[in-house]
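Quick notes on the structure that follows.
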Amino acid sequence: NCKSMKQLITLLICVVVSPLSMAQSATDFKIRYETFIKGDIKIIGNNILNRKEKRDTPNDPYNDRSPKAKLNDEFDMQYIDIDGDPSTFSSSSANFAYESAGGGKVAYAGLYWSATYPYAKGQLKGSKNTIIDANREDASSVLLKIPENNTYVPINGELIFDGRTDSDLKNSAPYVYYANVTNLLAAANTVEGEYTVANVKAALGQVEGGSAAGWALVIVYENANSNIKKIITYDGFSAITNDAAKTFTFSGFKTPEAGDFKTRIMGVTLEGDFNMMGDNVSIGVPASGKTTSLETKLRPNQNFFSSAITYNDEMVKTRKPNSENTLGFDIFRMDIKNDNQYLIPNNATSLDLSYTRSRDRYYLFLTALEIENNPKEITQLHRSTRVTKLTAKDTEKGYYVIVGVFLNINNVNNRVEEMKKWGYDAQVYYNRDQVLNFIYVARYDKYEDAVKKVDEIRENTEIPDPWILDVANYD
């Protein structure tokens with residue numbers, strides 16, 4: 001059951017379904033994070049399924065990018081599990097490092113995991129896909145290990161999309177989950193290093209159209225040596241086909257008045273098959289009237305999603321395993337060529353990013369923009385109040401003004417004593433699920449009162465980033 005069969009199935013779907021049913025294979029994309037910041041955004045991640053073949057285990061990198069390279073529906077796909085921990089059934093890792101001098105401070109972190117998961121296991125018998133194990137377990141939780149801690153932290157996700165009940169996608173049943181992990185990373189003393197995600201669930205063996213899975217961690221960080229940038233991330237879900245393209249309009253920025261400036265685009269997709277031509281990403285800029293298709297040495301403009309994790313023209317190799325062919329999972333991050341501001345001019349205020357496909361389909365669930373902004377056009381930098389929602393039954397509902405989140409109890413005690421010097425009697429809430437200590441100076445029933453306290457803390461102390469924890473208790 002090779003990709004030719006997959007193309008035929010896709011063609012038949014396009015012929016027989018109405019535009020209304022095609023539109024159902026999506027979750028509306030919304031802005032997940034938006035900020036002006038002196039800093040950068042990076043996306044790290046890895047696939048978590050790989051081929052099992054002869055002497056090659058799933059933990060061995062798959063590097064075939066030749067014209068005859070097999071695709072994921074031609075392999076026995078099995079879990080990667082690199083952590084040596086018998087309590088996990090799948091795991092892979094990727095490294096994070098700051099890109100410029102001076103390091104950084106985490107402002108935001110979001111974890112995504114995604115897979116095709118119609119059932120637990122399938123097998124190819126002759127030319128027919130057969131279900132071996134029809135079970136499909138809950139995929140809403142994973143484990144995350146950060147550089148500072150050698151133990152896993154359980155992460156519960158927010159469902160973005162599940163294709164199991166979608167008439168067009170039920171045979172592959174892709175899902176996407178998201179979790180805000182800013183508190184975990186912002187509280188860490190060590191951010192650079194290896195991140196491992198475990199227990200991502202996916203279909204094993206051989207399934208119709210192939211099985212693919214992976215995870216991505218978005219990290220936005222402050223760096224005082226950076227130029228001011230506008231960063232916007234969108235997430236949702238869209239099955240990109242020749243009948244269903246997706247265009248994003250990024251706005252709310254203004255490029256510098258003169259001179260060169262940097263622009264980066266990034267994104268994550270599932271089922272972008274190597275050697276399957278037809279997928280394209282393009283940028284259109286109203287201010288210049290120009291449109292161009294994106295491409296790099298590893299991402300031709302008519303095969304942009306080709307099962308790779310890349311930054312510009314290079315494979316990202318700081319991963320375990322560091323496969324060059326990730327069998328249906330893509331992460332890209334690239335600088336936009338803009339010599340003499342030919343494409344994106346000075347004083348531009350918007351751009352359009354379009355994802356298209358002329359053969360087969362791929363699944364898009366995350367895209368982002370980073371663009372240098374005119375510093376004169378920033379009226380408020382680093383002054384917006386961050387709000388994080390938390391469901392908990394072991395503390396009172398309300399809006400908590402947070403002045404620190406730490407793993408280490410010594411850091412907790414130091415911050416409590418520090419707040420006493422400024423005249424605040426700080427309290428500590430320990431959340432067992434996240435294994436974190438939240439230090440707060442007040443709890444309010446009204447959001448507006450909490451915002452006023454945040455402004456007061458900023459004015460009266462040297463705490464740079466007080467924020468609000470919105471705790472809601474549910475039966």
Side-chain angles (χ1 to χ4, degrees), residues 26-33 40-49 72 80 92-96 108-117 139 142 144 155 157-163 172 174-181 195 197 200 202 211-220 231-240 246 248 250 264-274 279-281 294 296 298-299 303-312 315-316 318-319 323 325-334 353-357 361-370:
T27 293
D28 289 343
F29 278 80
K30 296 180 180 179
I31 292 177
R32 174 67 68 174
Y33 181 79
D40 287 292
I41 176 174
K42 290 187 75 171
I43 302 178
I44 66 170
N46 211 349
N47 59 321
I48 208 158
L49 282 183
N72 56 2
I80 296 165
S92 64
S93 69
N95 280 42
F96 171 79
Y108 165 78
L111 178 66
Y112 296 82
W113 59 99
S114 178
T116 52
Y117 194 32
V142 295
L144 173 63
I155 304 295
E158 162 197 334
L159 180 64
I160 291 179
F161 182 82
D162 190 342
S172 57
Y175 72 78
V176 182
Y177 281 92
Y178 162 83
N180 188 321
V181 294
Y195 289 78
V197 174
V200 175
S211 194
W215 59 272
L217 177 62
V218 180
I219 300 176
V220 178
I231 291 175
I232 306 171
T233 72
Y234 277 94
D235 64 27
F237 182 90
S238 186
I240 307 297
K246 187 68 181 178
F248 299 86
F250 289 93
R264 283 178 180 153
I265 298 293
M266 54 209 79
V268 188
T269 66
L270 200 65
E271 276 289 69
D273 296 317
F274 183 69
D279 39 302
N280 174 268
V281 182
L294 302 183
T296 70
L298 297 170
R299 297 189 180 277
N303 188 23
F304 194 85
F305 296 111
S306 57
S307 297
I309 297 176
T310 63
Y311 175 40
N312 287 331
M315 290 283 181
V316 177
T318 52
R319 300 176 287 120
S323 296
N325 186 332
T326 45
L327 291 168
F329 185 71
D330 278 88
I331 301 176
F332 79 94
R333 182 169 177 257
M334 63 180 296
L353 186 66
S354 297
Y355 290 81
T356 59
R357 184 76 163 122
R361 64 184 171 200
Y362 61 88
Y363 307 131
L364 171 70
F365 60 88
L366 170 65
T367 192
L369 167 73
E370 174 185 50

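Source: prediction; values computed, not measured. Hydrogens, waters and symmetry mates are skipped; everything else that's a heavy atom, side chains included, is used.
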Applying the side chain to side chain contact (heavy atoms under 4.5 Å, CB included) criterion to Glu370, which one of Thr233, Ile232, Ile231 satisfies it?
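Exactly one candidate clears the test, Ile231.
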Could you check whether any side-chain heavy atom of [X] comes within less than 4.5 Å of a side-chain heavy atom of [Y], counting everything from C-beta outward?
X	Y	value
Ile219	Ile41	no
Ile80	Asn47	yes
Asp279	Ile240	no

Shortest non-hydrogen separation from [X] to [Y] and the atoms involved:
X	Y	value
Asn95	Ile44	O-CG2, 3.5 Å
Tyr363	Ser172	OH-OG, 2.9 Å
Ser114	Leu270	OG-CD2, 3.5 Å
Gly45	Ala94	O-CB, 3.5 Å
Thr310	Val316	C-CG2, 3.8 Å
Arg299	Ala308	NH2-O, 2.8 Å

Parallel, tilted or perpendicular for [X] and [Y], by the 30°/60° rule?
X	Y	result
Phe305	Tyr362	tilted
Tyr177	Trp113	parallel
Tyr112	Phe365	tilted
Phe161	Phe237	parallel

Would you sort out whether Leu353 and Leu369 count as a side-chain contact (heavy atoms from CB on, under 4.5 Å), showing the intermediate values?
CA-CA 9 Å; Leu353 186 66; Leu369 167 73; over 6 Å; no
Is it true that the side chains of Thr367 and Tyr355 contain a donor and an acceptor less than 3.5 Å apart?
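Note: Thr367 and Tyr355 side chains meet the donor-acceptor criterion.
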Donor-acceptor pair between Tyr311 and Arg264 side chains, under 3.5 angstrom
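Judged by distance alone, the side chains do pair up.
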With rounding to the nearest 0.5 angstrom, report the [atom1] to [atom2] distance, [X] to [Y].
X	Y	atom1	atom2	answer
Asp28	Ile160	CG	CD1	12.0 Å
Ser92	Phe329	OG	CZ	8.5 Å
Tyr234	Lys246	OH	NZ	9.5 Å
Phe29	Leu366	CZ	CG	8.0 Å
Asn46	Tyr195	CG	OH	15.0 Å
Leu294	Phe304	CG	CZ	5.0 Å

Determine yes or no for a side-chain-to-main-chain donor-acceptor pair under 3.5 angstrom, with [X] supplying the side chain and [Y] the backbone.
X	Y	answer
Thr269	Leu364	no
Asp162	Tyr175	no
Asp330	Ser306	yes

Pairing residues for Ser354 by the side-chain hydrogen bond (donor to acceptor under 3.5 Å, both in side chains) criterion, not counting sequence neighbours:
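With neighbours one apart ignored, the set is Thr247.
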Counterpart residues, side-chain hydrogen bond (donor to acceptor under 3.5 Å, both in side chains), relative to Arg333 (two or more places apart)
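Testing Arg333 for side-chain hydrogen bond (donor to acceptor under 3.5 Å, both in side chains), a comparison that skips the adjacent residues, returns Glu99.
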Check ion pair Arg357-Glu271 (N to O, under 4.0 angstrom):
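Judged by the 4.0 Å cut-off on N to carboxylate O distance, Arg357 and Glu271 do not form a salt bridge.
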Within 45 degrees of the ring normal and closer than 6.0 Å to the centroid, is that where the cationic atom of Arg32 sits relative to Tyr178?
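Satisfied, under 6.0 Å and within 45°.
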Test Thr326 against Arg319 for side-chain contact (heavy atoms from CB on, under 4.5 Å), laying out the working first.
CA-CA 11 Å; Thr326 45; Arg319 300 176 287 120; 3.9 Å; yes
Between Leu111 and Val142, is a side-chain contact (heavy atoms from CB on, under 4.5 Å) present by the stated rule, with each step listed?
CA-CA 10 Å; Leu111 178 66; Val142 295; 4.1 Å; yes
